[in-house]
Visitor: 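One structure coming up, written as C-alpha cells, with questions to follow.
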Number of protein chains: 4
Amino acid sequence: MKSSAIVQTGARKYEQQEFEVPEIGPEQGLLRIEQSGICGSDWSQYKQGFPFPVIPGHEPVGIIEQVGEIAAQRWGVGVGDRVAVETMLPCGFCRPCVRGKYNLCRASGSMIHAYGYRNVSETPTLWGGHSQFMYLDPHSLLHKVDPDLPSELAVMFNPLGAGVRWAQSLPGTGIGETVVVLGCGQRGLACVIAAREAGARVIVTGLGVDERKLELASTFGAERTVNVEKEDVVDVVREMTDGAMADVVVEVTSGATQPVIDAIELAAQGGRIVLAGMKYNKVDGFDANRVLMKEITIIGALAVDFPAYEAAIRIIESRKYPLELMHTHSISLSDADRAVRILGNEVEGEYGIHLSLVPDA
Amino acid sequence: MKSSAIVQTGARKYEQQEFEVPEIGPEQGLLRIEQSGICGSDWSQYKQGFPFPVIPGHEPVGIIEQVGEIAAQRWGVGVGDRVAVETMLPCGFCRPCVRGKYNLCRASGSMIHAYGYRNVSETPTLWGGHSQFMYLDPHSLLHKVDPDLPSELAVMFNPLGAGVRWAQSLPGTGIGETVVVLGCGQRGLACVIAAREAGARVIVTGLGVDERKLELASTFGAERTVNVEKEDVVDVVREMTDGAMADVVVEVTSGATQPVIDAIELAAQGGRIVLAGMKYNKVDGFDANRVLMKEITIIGALAVDFPAYEAAIRIIESRKYPLELMHTHSISLSDADRAVRILGNEVEGEYGIHLSLVPDA
Amino acid sequence: MKSSAIVQTGARKYEQQEFEVPEIGPEQGLLRIEQSGICGSDWSQYKQGFPFPVIPGHEPVGIIEQVGEIAAQRWGVGVGDRVAVETMLPCGFCRPCVRGKYNLCRASGSMIHAYGYRNVSETPTLWGGHSQFMYLDPHSLLHKVDPDLPSELAVMFNPLGAGVRWAQSLPGTGIGETVVVLGCGQRGLACVIAAREAGARVIVTGLGVDERKLELASTFGAERTVNVEKEDVVDVVREMTDGAMADVVVEVTSGATQPVIDAIELAAQGGRIVLAGMKYNKVDGFDANRVLMKEITIIGALAVDFPAYEAAIRIIESRKYPLELMHTHSISLSDADRAVRILGNEVEGEYGIHLSLVPDA
Amino acid sequence: MKSSAIVQTGARKYEQQEFEVPEIGPEQGLLRIEQSGICGSDWSQYKQGFPFPVIPGHEPVGIIEQVGEIAAQRWGVGVGDRVAVETMLPCGFCRPCVRGKYNLCRASGSMIHAYGYRNVSETPTLWGGHSQFMYLDPHSLLHKVDPDLPSELAVMFNPLGAGVRWAQSLPGTGIGETVVVLGCGQRGLACVIAAREAGARVIVTGLGVDERKLELASTFGAERTVNVEKEDVVDVVREMTDGAMADVVVEVTSGATQPVIDAIELAAQGGRIVLAGMKYNKVDGFDANRVLMKEITIIGALAVDFPAYEAAIRIIESRKYPLELMHTHSISLSDADRAVRILGNEVEGEYGIHLSLVPDA
C-alpha cells in the first residue's frame, strides 16, 4: 500500500510524493488521516525551510487503520476508532517526562522527536500529518474522539488544547475572574473559548486587520474586544474592572514585544500572566519593579499537555461553541502550499483563521 | 427609627419584636434588608433552640441605608447601593485570618462572631438578617450586587458561593473533568451549577423524594442524575467513565455516612474528594487503604470565602442558569416560622428548595 | 556468565538459584548488585507467598556492568557508574504516567511491572534485586549515586525517598512547621529525617518495644518522642504547640487503625494529614465532621517519585545524619531468609531496623 | 511618661525628640523597644527625605510595656512578653487582606499604614521603631520571641522572614534542589540561610567588595560563592549542575538589571525565579522566548508574610546558624544617623551588614 504525502524539501518547496506504508509491529499503529491541522509554525517553516526534508503536519485527526496488539492495549483503541494524535513523541523517562512535563522532554528538545519534524529518510518515513497515512510510533499519545463529529471540528483539538492550558490550567483561572487575551489568532480565539468555558469574563485584543477575528471572539463569548490601534487596552481594562485590573493575562501575539510590557500593566495585584507568544526580539523596558510591587506571577507556556488535550476534545464534542466559524478552510492535500499561504495572508481574497489539509479520497 | 425583627427565644420559638435602629459611627453601616436567605442550619437551630436569644439570618441582601465615612471607603459603597453581606465577622488578625482562611477565624470559632448568632442583648442588637434593618459591623465583608437583579435571585449568593468553593476552587476542578455531587439540596444544586460553570461534566445523586430537585439538576446542566434508592452510583459512574471514575467528588449530603464511604469508591486514581456535609455520627468502615492506593486527596470544607462569593454573584448576574426555579419561596418576615418549617418539610403541600424572608414594606 | 539469585517459590520458601545473565540490547543494561534493601513488604510476602516464583528485591544499589548505547544516553550513565534503581517500571504513556504520577501507572497497577514482582519464567529472568546481577529494563528509572559513599548507606535511598515524599513534598512542609510522625519503623525514621531536613520541628510516636528506634529518632533530630503505651500523643502535641496542634501529621504505622483517628485530632485547623500506612482493617469511628470543621486535607500516599528519590540521595550524600545507626544489618545473599526474619522480629537476639542483602564477592 | 525618638525631618536630617507616651485603650498596646532593625530602605529614605516628618524604624523587637484587655487576648500576649512586630498595619478587610495577601493591603498601598511611615503629627505619634517606646495599633501583627535570646539576634526576624518567603515558601523550594541567590546583602544572606534550612544546595553571588559577605554565606552553608566581577555565574551553575541549571533563582540585588537577565539563563527547564530586588531602571533585553521555551515561572515578591515571620523566628531561636556574624552593629539611638550611614557605606573603617538601634537605658 502506498501513501501520498507532502514533503518540504526547502524554503517554499512542498512536493507531493508517494511512500510505501510500513509494516506495523506489536507496539505500533497506522493512522488514516482525515484532516491535518495547519499551525502558524507551518507557515514560518514553509518560508524559512528546514534543515532536512520532512513531511510536515503535527495536528492530525484520523482513523486507526492498523494497530499492534500491545499498542491497542496501551492506547485503548482498535481499528476503525477515530483519534487525535498529540504533536510530541516524548521519551517517557527523562527528568521532565517523569515529572509530567513531557512537553519539555529532553529527547525532543531539538524538536526532532515530534510528528512533522523527522527526516523522511528515517524509516518508517511517514512521520507527518500532511499525508494520507501517518505512522504511529510507540511513543505516541492518542485521544479518542467522537466519530459523529465533523472532522473539520475534530481537527481543532490542537489550538483548543493550547487555549485550555494557557488560559485556564496554567494560570488556574477560576469562575468570575477577568481574563485578558492579547492576540486573536487561532490560539487567541481558543483562549477566549477556554476562559469562557472556565466561567471567566474575557477581554480580547487585536489589530485593525483582525476585525473578523474580533467579531468571532465576541461570538465565542468575549465581553469586550479591543482594536489596539484605536484604543488603549490598559484604559479599557481599568474602566471595566473599576481599577482592579485583570486576574489573568494571556499573551499570545506573535512577534511584537509591546504586549509583554502591556501585560504587566494589565495584571491586577497578585495577578498571573501567561507568556505563550514567540517574539522576534528581546523585550526592552520590562518593568521588574512593577512585577515585584504587584506580586505578579509570570508563567512561560510551551505547547499543550495531556489533560488540556482531553479538555479541548470535550469542549469540541459539546458543540457549545460555533467552532465551524473559526475553521475557515479544508483544503486538498495537493493544494498544501496554497493552504499554508492563505494562513500567511499571501493569497488575495482569502482570509484564513484555522485551516486543515484533507487527503484525496 | 424602629426595625421589626425575628427573635428566636427557644426551640421552635420565633417572636417578632421591634428594636431601635442604632446610631451609625464612621466605621459602621446600616442595611435595609430586601431578602434574608434561609439556610438548613436555620431549620436545625429552630428545632433545637439556641443558648441565648438571637435574631437569626446570615444570608442577607439589601440596600445601604446609612454608612459611615471610613466604612464607605473600606467597603467601596455608598447609600443606596445593593450589597450581599457575608456571614462571618472575622477578626482579621488571628492566625487563620492572616493566612486568608478567615472562615476558620479563631475569634469566631464559637460561631459568635457571625451574623445571626449574637445575643440580642448585645448592642447594637440588630445582628441578624431576619429583620427590616441589620447593623453593619466594621468587620463585615460586603459584595456589591447588580441593582437590576430581582432580589430573590440576588439572595442566592450564599449557597452559590458554597457551590463555587466546594465544587470548583477547593478541588481545583478543570474543564472537562467529571464531578460527582452527592446530594441535591440547595447546596448540592449550587455545586452542580458551579461545576458546570467551570466546564465540568456533572453527575448528581438524590433520594426518591428528591425527584423535583434532580430534575432541576438536569435543567442546570447535570448530565446524569442518580436516585440512590434505585441505582448504585458507583456502577453508574464506572460505566459513564469507562472505569476511570470521578476526578472530583463533592459530598454535601447531611446526616448519612454512607456517602463518605461511596466517595472513596467514586474517586479516580489521584482524585479529589470534598467533604462538606455534616454527619450525625462518625463514619464506620472508612477504607484508608483505598485512599492510599488510589492517592486520593480528601479536603474538609467549611463555609465560603471572599473569592467564591464574588464568583457566585457573577454567576447570578450572568442570568445563565434559571435560578428562579431553585428559589421556591419568598415569605413575609411575619411568617418566618412557616418558612423555616417548609424548608424542614413540615408544611404539607409545600416543597421548598431555597427560601427567603422579606420584610413587610 | 551466571548470576546467583534468591527465588521465592512459596510461603517461607527462599531458594538460591543460578541463572544465565542475559544479552543486553541497545536500550537495556545489567546491574552488578552491591546491596539490595529489604522492605517491610518483603517480610509480608515471605510469610504469605506469592502467586508465582519471583526474585524479590526492589531497592537495589549497584554498579553498571553493561549498558546499551541508547540506554546509556537516556540514563546518562556508563559502565562502572554506581546507581540506585527505582522500584517501578512505568509504561511512560498511560494517563497517570503523562501526568507525572507514574507511581500510579496503570500498567503496573497489578504490581507486575516493578522490580521484584515479575515471574522468573519471563525472560530475561533477572527481575529482582536479591541477586548478583539484575537486568535493567528500558523502562527503568536510575539515579547516579556518589561512588565514595559506603554501599550500606547508599542502599537506604528507598525508605528515605518515601520520607521525603510523605513528610515534605506531598504535604508541602515548610520551615518551622510542626510535623507529627506516627510510627518509627524505617519509613517513620526516614520521615523524621526528611521533616528535619525541611526545617520542621518533629514529634514521633512508637510503642514500648520501639525504644531503640525512638532514641534513634531523637538522634536524627526529633524534638520529642512519644511511647503511645505510656502517653497520649494528642495531649503531648497540644501542650507543645499551645493548643495550635500539628501543621502536618504523617501516618506510617502498619496495621493499627487508631493512628488514623488520632491524626484527625492531632492536625491543626487547616492542617494536612498524609496516610501512608497500610491497615489490616477498615477504620471505624472516622470523624468526618472534624475534618470538615478544621478544614483538614488528607492525602493518600503510595510509594515514591523521581524528585523524592533525588532528594533522598542528596541527603544521604550530605552525610549530615548518622544513617549508619539505622542500617542494622548487611547480610549475605545466601542468608536471605534469616535477614527477612530479622526484619520480622523472628530471630531472637537480633533487632533490625534497616537491612540489606549483599551478594558474595 | 516620655519617649525619646528619632524623627526624620528632611533629607539627611535625623532629630532626636521627646514625645508623650499615649494612653493605651483596650485594643492597643505599648512596646518598650529593645532593638530596632535598620533596613536598606532606611538608608534610601535618609538620603532622599520623606514627604512629612516620621519616626523611622519598621523592624522592632521589644517588651510589652502595656496592653489593653482585648489586644492581650487577640495577640496572645501579656505585659513583659518579648515580641517582634511586623512592619505592616493591614486593614484586614480589603480584597488582598481577605485572600491572605495582606502585604498587598490596599489601605497601605501608599506605604502609610505601616510602622515607620506615619506622620508624627498623627496621634498617638509613636509610629516608629527608632524610639524608646512604640505605640501598638489594633492592626499590628505580633510574634512572641524567646526571652532568652540575645536581642541583637531576635531583631534579625525581619530580613530572615524575607529569606524564608523569597527563597523557600514562594518558590516552593524542596529538599535537594539547587538555589542560586543573586546578591549577598542582609536579605541575600537571609535567603542563603532559608534555602539551607529547607534542605537546598545554595550558590550565591556578590561583587568584589562583598568578600566578607560571601565568606559569611559560606559559613551559613552556601556550597559555592561567585564574585561576578571575576566569574560568570551562568558557567559556574552549568558546571555544578551538569547543565541542568538551577531549580530556583532568587534575585535580591538592588539597582542593577543584569541579574534579571542572568536569572533567566540560570533557571532550569521548569525552574522558578523570584524577583525581590528593586531596580533603578527598567530591564532591557528581557528574553521572553527563553521564559516560554523553558517554561520558567517568575514570581514577584514584596515584603514578608505571617508564616514566614514565624519560620524566621523559629530559625533564630534554633541557634543553628551563627547569626551574630551577620549582625555587625548595635548602635545607640542617639547615633542613628551614623548607623544608617554605616549601612550606606559612608563611614570609613566600618563595614555594616545588619545593624540595629538600641535606646539608651
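Each chain gets a letter, A, B and so on, in the order the sequences are listed, and its residues count up from 1.
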Visitor: Counting heavy-atom pairs under 4.5 Å to chain C, which of B:A268, B:P96, B:A276 comes out on top?
Guide: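 Top count of heavy-atom pairs under 4.5 Å with chain C: B:A276.
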Visitor: Given that the side chain runs from C-beta out, which part of C:K101 has a heavy atom under 4.5 Å from chain B: side chain, backbone, both or neither?
Guide: side chain
Visitor: For B:G285, does its backbone N or O pair with a side-chain atom of C:D284 as donor and acceptor, under 3.5 Å?
Guide: yes
Visitor: Just give me the residue among B:I296, B:L170, B:I298 that pairs up with chain C most often, heavy atom to heavy atom, under 4.5 Å.
Guide: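 Heavy-atom pair counts peak at B:I298.
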Visitor: Quick one: of C:A301, C:A303, C:A288, who has the most non-hydrogen atom pairs under 4.5 Å with chain B?
Guide: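 The answer is C:A301.
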Visitor: State the CG-NZ distance between B:L104 and C:K294, to the nearest 0.5 angstrom.
Guide: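 Separation between the atoms: 11.0 Å.
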Visitor: Between B:R99 and C:E295, is the closest basic N to carboxylate O distance under 4.0 Å?
Guide: no
Visitor: Give, for atom CE of B:M293 and atom CG of C:L302, the distance between the pair rounded to the nearest 0.5 Å.
Guide: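 Those atoms lie 5.5 Å apart.
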Visitor: Relative to chain B, which segment of C:L275 carries a heavy atom at a distance below 4.5 Å: side chain, backbone, both, or neither?
Guide: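 Its backbone and side chain both get close to chain B.
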Visitor: Shorter than 4.5 Å, heavy atoms on both sides: which option in C:N289, C:I299, C:V291 has the most such pairs with chain B?
Guide: C:N289
Visitor: Atom CD1 of B:I273 and atom OG1 of C:T297: how far apart are they, to the nearest 0.5 Å?
Guide: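 It is 12.0 Å, given to the nearest 0.5 Å.
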Visitor: I need the C:I261 CD1 to B:F286 CZ distance, nearest 0.5 Å.
Guide: 9.0 Å
Visitor: Please list, in residue-number order, every residue in residues 239-254 of chain C that has a heavy atom less than 4.5 Å from any heavy atom of chain B; write 'none' if there are none.
Guide: none
Visitor: How many angstroms lie between CG in C:L292 and NZ in B:K279, if you round to the nearest 0.5 Å?
Guide: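 Between C:L292 CG and B:K279 NZ, I get 9.0 Å after rounding to 0.5 Å.
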Visitor: Which of residues 180-195 of chain C have a heavy atom under 4.5 Å from any heavy atom of chain B?
Guide: none
